[in-house]
Amino acid sequence: MRDRRFGKTQRQLSVFSLGTMRFASAEAARAVIESAIARGLNHIETAPAYGASERYIGQALRPLLSEGLSIDSGLRESGLRHQLTLTSKLTPTLRGDQVEPAIRQSLAQLGVTYIDGLAIHGINTDEHLRWAIAEMLPALAVARDKGLIRHIGFSTHGPLPVIEAAIATEAFSFVNLHYNFFFQRNAPAIAQAHCQDMGIFIISPADKAGMLYSPPDRLKALCTPYDPLLLNYRWLLSDPRITTLSIGPATASELDWPLQVADDDGPLSEGEQQAILRLEQAQLSVLGRDRCAQCHQCLPCPETINIPEVLRLRNLAVAYDMKAFGQYRYGMFENAGHWFPGRRGDRCTDCGDCLPRCPEQLDIPTLLRDTHQRLRGKQRRRLWEEP
Ligand code: SF4
Ligand code: SF4
């Protein structure tokens, strides 16, 4: 397992991090955590919002920590706690006086005396950022001074300008965000975070990147001889600015597939570069003049349709046959609040406001309706809000 410096936190993190929102029981959590640590993962990421996750982690870690085990048979520092980086998160809704009690609650659940990384969970809007600055950052600084937490970061599913504004505060040491081959909108935020020497944690580069654990045949054919999931991981790991990628296994065996590339974080090989080029060319040739370039210049839409994201899902469905993924994400519009903002394509009233702003001169209303026809399906909520 390769590791990388997590920006100004100075922590060395494994290039894969353990996401913990899918544990079905304490036993399943223990099996996954023990297997992950044995394979060299040294970063565990959780949140009180993930149900029993913190408690399960605490139950799994307690015997390991008391035994004084160490990763890599003690080749580096001795003592597992010192080698592990634990990150938890608090939503940007807490008042300042609620922050320390919430951290102490997490400490109790996790069974540790400090949390390495405390992220504000989901700075998705300007209001969240203002609240975080006014209420939470001062309280988090106090908690850091008391030794309860070591580093302050934020996670986000928000629009690029919100992420850029949060990074620009220079108040954070790390950021958890979406970015992958199939979603490159946040590239400027990656560059900005790197300039500030922030640790960069990539959220869900398997599921939210495109349900890549069950790729359609067309995507598989374009990536051949590479596996689409592993190619996406390699595309990310070939970028030295990125520290670590989250994986969220429900069972220990689900670690096997991703970790095939855990030691492979160098530049893309010639063959991998050609596969990436095939993917890029397929978008151009299959979508032709209907390809949305993801410039976001069409916004705002008076009906608050998330035009670029609707058309990104169309790009993927048409070019790579990623229809199941498109249906999964399209079904979240109007069902996931600020975690996945904007309305569906069929809300278009043909007002025409967006048309002169599109440099690609796309027939946006027609493409939105076409996307709705292709991708409408079951309405979805977010994973950790599902009953
Ligand atoms: S034409 Fe449709 S998509 Fe474009 S701005 Fe008007 S309502 Fe929004
Ligand atoms: S302006 Fe056109 S190309 Fe750019 S994101 Fe909007 S629809 Fe896509």
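Keep in mind that this is a model prediction, so the values were computed, not measured. Order of appearance sets the numbers: ligands from 1, and atoms from 1 within every ligand.
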Undergrad: Side chains of F201 and L13, heavy atoms from C-beta outward: is any pair under 4.5 Å?
TA: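 A side-chain contact is absent here, since even the closest heavy-atom pair is not under 4.5 Å.
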Undergrad: In the protein, what heavy atom is nearest to atom 2 (Fe) of ligand 2, and what distance, to one decimal place, separates them?
TA: C358 SG, 2.4 Å
Undergrad: Output the list of atoms in ligand 2 that are nearer than 4.0 Å to some heavy atom of P359, sorted by atom number.
TA: 1 (S)
Undergrad: I'd like to check which ligand 2 atoms, numbered from 1 as shown, lie under 4.0 Å from a non-hydrogen atom of C295.
TA: 1 (S), 3 (S), 4 (Fe), 5 (S)
Undergrad: Check the orientation of H121 and Y50. Use parallel for under 30°, tilted for 30 to 60°, and perpendicular for over 60°.
TA: perpendicular
Undergrad: Test side-chain contact (heavy atoms from CB on, under 4.5 Å) on K89 and I120 and set out the steps.
TA: CA-CA 5 Å; K89 307 194 282 298; I120 298 180; over 6 Å; no
Undergrad: Got the closest protein heavy atom to atom 3 (S) of ligand 2, with its distance?
TA: A293 N, 3.3 Å
Undergrad: Between E100 (side chain) and A143 (backbone), is there a donor-acceptor pair under 3.5 Å?
TA: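 Not at all, since once roles are kept as given, no pair shorter than 3.5 Å links the two residues.
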Undergrad: To the nearest 0.1 Å, how far is atom 5 (S) of ligand 2 from its closest protein heavy atom, and which atom is that?
TA: H296 N, 3.2 Å
Undergrad: Check ligand 2 against L311 and write out every atom of the ligand that is under 4.0 Å from a heavy-atom position of the residue.
TA: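 Ligand 2 atoms under the 4.0 Å threshold to L311: 7 (S).
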Undergrad: Looking at F183, Y226, Y179, which one forms a ring pair (Phe, Tyr, Trp, His ring centres under 6.0 Å) with W235?
TA: Y179
Undergrad: Main chain of G326, side chain of R314: is a donor-acceptor contact present, judged purely on distance under 3.5 Å?
TA: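 Such a contact is absent between R314 side chain and G326 backbone.
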Undergrad: Taking atom types as modelled, is there a side-chain donor on R5 or Q10 under 3.5 Å from an acceptor on the other?
TA: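 Side chains of R5 and Q10: pair found under 3.5 Å.
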Undergrad: Does E45 offer a backbone N or O that forms a donor-acceptor pair with the side chain of T20 under 3.5 Å?
TA: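 Judged by distance alone, yes, a pair lies under 3.5 Å.
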Undergrad: Hey, which atoms in ligand 1 end up nearer than 4.0 Å to a heavy atom of G352?
TA: 1 (S), 6 (Fe)
Undergrad: Would you mind running through ligand 2 and noting each atom that sits below 4.0 Å from a heavy atom of E360?
TA: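 Listed by number with element, the hits are 3 (S).
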Undergrad: Is there side-chain contact between E254 and R22, with heavy atoms separated by less than 4.5 Å?
TA: yes
Undergrad: Check whether the side chains of R39 and S35 place a donor and an acceptor atom closer than 3.5 Å, and report yes or no.
TA: yes
Undergrad: What are the protein N, O or S atoms, given as residue plus atom name, that sit under 2.8 Å from atom 8 (Fe) of ligand 1?
TA: C301 SG
Undergrad: Could you identify the single nearest non-hydrogen protein atom to atom 8 (Fe) of ligand 2 and state the distance to 0.1 Å?
TA: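 The answer is C292 SG, 2.3 Å.
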